[in-house]
Amino acid sequence: MRIATWNINGVKARIDSLTRWLEESAPDIACLQEIKSQDETFPAEAIERLGYNIATHGQKGFNGVALLSKRPLEDVMRRLPGDDADEHSRYIEATVSTDTGAVRVASIYLPNGNPIDTEKYPYKLAWMDRLLIHAEGLLATDTPIVLAGDYNVIPLPDDARHPDRWTDDALFQPESRAKHRALVNLGYTDAQRAVDNSDGIYTFWDYQAGAWQKNNGIRIDHLMLSPQAADRLTGVTVEKQTRGWTKPSDHVPVVATLDL
DNA sequence: ATGCCGTTTCGTAAACGA
């Protein structure tokens, strides 16, 4: 089973790229972020035509996450628990049954947190605290868990081409990195690092200042695997080619293959 | 560097992103 995460930066602006990618890569499950669409206006037909079931948690204009799956999506949960006042659509979770069992998958759009001297940064850190509590609770089951998404965290200096340029950025603050590391310490495995610990692996290149042409990238899109899921991991692919397509997202898909 | 670029909205400039 191949499980993908992709921040597509607007599903309506990206529908042609999304359908092309679904046809060419054909993941079993795709976790999308920044759909920037309400549920009612999500372009479902073009995706269903390719054989995918869809569950969305959208809102107008910003944020928004979705799950696409060739197999049915069961027990869909929208919103991250822990703050009923949080109106941002950043979390959706569902179970997909396989021939040998099941996997519980989440699509996560973790807050950016910039600038760090505004309320956006403590919102990010509080959101990560909520994620840690929920992620710990998920480990109580025997079902393999995949928490996939745009974490907006650069875990280590090797995850940036120019780490020195990110020292004042919310994505690279010690607190942001520590809370991501806390997820690892709970028992979750960064799928990419489990299969390849080399530097120069990036998933985001800014639209500005020729970042793609200069390969000035960062690795912020992660698939975090529970122990039961990590045991099944056989490979990870970063589908960089999509960044060179016409009208690209600034993020590229990351696909993990699990023997499920 | 208050910059660069791209998407979205009760739009045509401003908010947001990373």
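In the text below, chain A, chain B and the rest are named by the order of the sequence lines, each starting its count at 1.
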*Spell out protein contact along nucleotides 10-18 of chain B as letters: B when the base is contacted, S when just the sugar-phosphate is, - when no protein heavy atom is under 4.0 Å; keep the 5' to 3' order.*
S-----SSB

*Locate the shortest heavy-atom distance separating Y202(A) from D158(A); write the atom from each residue and the value.*
CE2-O, 4.3 Å

*For atom P, what is the distance between dT12(B) and dA1(B), given to the nearest Å?*
31 Å

*Among D199(A), D150(A), D190(A), find the one that has a salt bridge (Lys or Arg N to Asp or Glu O under 4.0 Å) with R219(A).*
D190(A)

*Listed by chain and number, what are the side-chain contact (heavy atoms from CB on, under 4.5 Å) partners of Q228(A), not counting sequence neighbours?*
D142(A), P144(A), S226(A)

*Separation of atom CH2 in W212(A) from atom C1' in dG6(B), rounded to whole Å*: 17 Å

*When hydrophobic residues are tied together by side-chain contacts of less than 4.5 Å, even through go-betweens, does V65(A) share a cluster with F62(A)?*
no

*Whole-Å distance between dC5(B) C1' and R14(A) CZ?*
12 Å

_Side-chain H-bond candidate by donor/acceptor type, R104(A) with T95(A), under 3.5 Å_ = yes

_Whole-Å distance separating the CG atom of N216(A) from the P atom of dC4(B)_ = 17 Å

*For nucleotides dG3(B) and dA14(B), find the distance between their P atoms and express it as a whole number of Å.*
13 Å

*R2(A) side chain to S25(A) side chain, donor-acceptor N/O pair below 3.5 angstrom*: yes

*Distance, C1' atom - from dC16(B) to dT2(B), rounded to whole angstrom*: 16 Å

*Roughly how far apart, to the nearest Å, are dC10(B) and dC5(B) at atom P?*
26 Å

*With a non-hydrogen cut-off below 4.0 angstrom, is A209(A) in contact with a base, only sugar-phosphate, or nothing?*
base

